[in-house]
Amino acid sequence: MSNFTINHPAILTCALTGAETTREKQPNLPITPEEQAIAAEEAVRAGASIIHLHVREEDGKPSQRPERFQEAIIAIRKRVPDVIIQLSTGGAVGESIDNRALPLTLKPDMASLNLGTMNFGEDVFYNHPRDIVALASRMHQHGVMPELEIYEAGMLESAFRLAKQGILREPLHFQFVLGVPGGMSGDPRNLMHLVSLLPKDVHWGVAGVGRFQLPLAVQALLLGGHVRVGFEDNIFYTKGVVAQSNAQLLERVARIAREIGREVATITQAREMLGLKKLK
Ligand code: KMH
Ligand code: ZN
């Protein structure tokens, strides 16, 4: 796949909940397994084929407990049996690396792999090189496809290094998360630069944070990339107007994709494109 063609379908990911978004700021945030399952079903109807999943305890606190992930997975699979489920190994800022690795024991389709340490708003998001390698190796052991989370250009180069060493294996799938204070912003030149560094035959998408979500989604659609939206990264529909649901954000991206001649990938197409096994 060339980096700049648009004749392949766009894979849409919904980042339903995240670890940092709160009910106070986004009253429609799905927190319980059942709420997450309902939101996932709506997101899939709107065009999502991947659910990027963080879970919360009943009181809303971010959690990396596999039991809690399992409850959410069961609830989601009851409603959308074949959706691609991608578990977070990023967790919440400050979570221990041991806890962050726990969801991999569930052998999900995919898991996120963060490629470097960075300032993350007022916090520091630690990703020691040793831990990155350990997580990547564990994903490989469990047959889990990593999604490579890239917040700035140096992390992309780290990923290339790991691929050269055989620690990351093809097919590579990059997610450019742009707009975190401490990483690259969502300036369109940043996305252009990152995409220009990619080798052929990799998959890439963009997750714009806050006000960058919509413009970066449109840019990615035009450049042949995939798109992630959802309350993890952005709680607003338009400036100052809180979105009603995750699905509302997906509906708009799917609509724009079709208007500019990009097909939206079905779950089956997304599984085929990423080389993931069919569930049914
Ligand atoms: N919560 C962020 C610190 C991931 O899911 O892998 C990290 C994060 C990335 O959400
Ligand atoms: Zn996440």
Side-chain angles (χ1 to χ4, degrees), residues 12-22 25-26 29-31 36 39-40 43 48 50-57 60-66 68-69 72-73 76 84-104 106 108-128 131-136 138-139 144-152 155-156 158-159 162 168 173-184 204-210 212-213 226-235 246 249:
L12 306 188
T13 296
C14 181
L16 286 178
T17 302
E20 282 81 23
T21 309
T22 62
K25 295 220 165 102
Q26 174 38 284
L29 185 74
I31 285 180
Q36 290 189 310
I50 303 179
I51 301 297
H52 171 79
L53 192 65
H54 289 251
V55 293
R56 305 288 180 98
E57 298 296 343
K61 287 217 181 75
S63 172
Q64 288 295 110
R65 275 197 311 124
R68 193 63 174 170
F69 272 106
I73 292 168
I76 292 170
I84 298 166
I85 297 184
Q86 180 190 95
L87 302 187
S88 172
T89 69
V93 170
E95 184 62 89
S96 73
I97 194 70
D98 288 343
N99 286 347
R100 285 170 50 185
L102 289 176
L104 295 177
L106 301 174
D109 296 300
M110 299 180 83
S112 58
L113 179 66
N114 293 273
L115 268 293
T117 296
M118 62 186 293
N119 290 342
F120 202 95
E122 299 305 308
D123 298 305
V124 179
F125 183 31
Y126 282 103
N127 290 288
H128 193 285
D131 295 333
I132 298 170
V133 170
L135 282 174
R138 212 170 297 180
M139 286 184 203
V144 178
M145 181 182 196
E147 174 178 274
L148 309 170
E149 312 292 322
I150 306 293
Y151 303 78
E152 49 95 348
M155 294 188 193
L156 184 57
S158 297
L162 293 176
L168 296 176
H173 172 58
F174 295 93
Q175 185 71 268
F176 299 122
V177 185
L178 301 182
V180 175
M184 277 173 127
W204 68 273
V206 74
V209 175
F212 295 117
Q213 187 160 88
H226 305 298
V227 175
R228 168 171 126 183
V229 293
F231 291 168
E232 171 164 348
D233 308 313
N234 167 46
I235 60 173
N246 278 286
L249 299 172

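Numbering of ligands and ligand atoms starts at 1, following listing order.
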Geometric class of the Phe125/Phe120 ring pair [parallel <30°, tilted 30-60°, perpendicular >60°]: perpendicular
Phe174 and Phe176 aromatic ring geometry - parallel, tilted or perpendicular at 30°/60° bounds: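 Correct class here is parallel.
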Donor-acceptor contact below 3.5 Å, side chain Gln26 vs main chain Asn234: no
Considering only the protein, which heavy-atom contact is closest to [atom], and what is its distance?
atom: atom 7 (C) of ligand 1; value: Phe125 CZ, 3.6 Å
atom: atom 6 (O) of ligand 1; value: Ser112 OG, 2.6 Å
atom: atom 5 (O) of ligand 1; value: Ser88 OG, 2.7 Å

Candidates Val55, Leu106, Ile51 - the one meeting side chain to side chain contact (heavy atoms under 4.5 Å, CB included) with Ile73: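 Result for side chain to side chain contact (heavy atoms under 4.5 Å, CB included) with Ile73: Leu106.
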Enumerated ligand 1 atoms positioned under 4.0 Å from heavy atoms of Glu20: 1 (N), 2 (C), 3 (C)
Side-chain heavy-atom pair Thr117, Val124 within 4.5 angstrom cut-off: yes
Close side-chain approach of Leu168 and Leu113, heavy atoms under 4.5 Å: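 In short, these two side chains touch, coming nearer than 4.5 Å.
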Angle subtended at the Zn ion (ligand 2) by His54 NE2 and His52 NE2, rounded to 10 degrees: 100°
Selection from [options] by shortest heavy-atom distance to [atom]:
atom: atom 1 (N) of ligand 1; options: Ala19, Gly91, Gly90, Gly18; result: Gly91
atom: atom 3 (C) of ligand 1; options: Val93, Val177, Asn114, Val180; result: Val93
atom: atom 8 (C) of ligand 1; options: Glu232, Arg100, Gln86, Glu95; result: Glu232

Gln86-Thr13 side chain donor-acceptor pair, cut-off 3.5 Å: no
Minimum-distance N/O/S atom that Glu232 presents toward the Zn ion (ligand 2): OE2
Contact with ligand 1 for Tyr151, non-hydrogen, under 4.0 angstrom: yes
Residues His52, Gln175; criterion side chain to side chain contact (heavy atoms under 4.5 Å, CB included); working and verdict: CA-CA 11 Å; His52 171 79; Gln175 185 71 268; over 6 Å; no
Any N or O of Thr89 closer than 3.5 Å to N or O of ligand 1: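 By distance alone, the answer is no.
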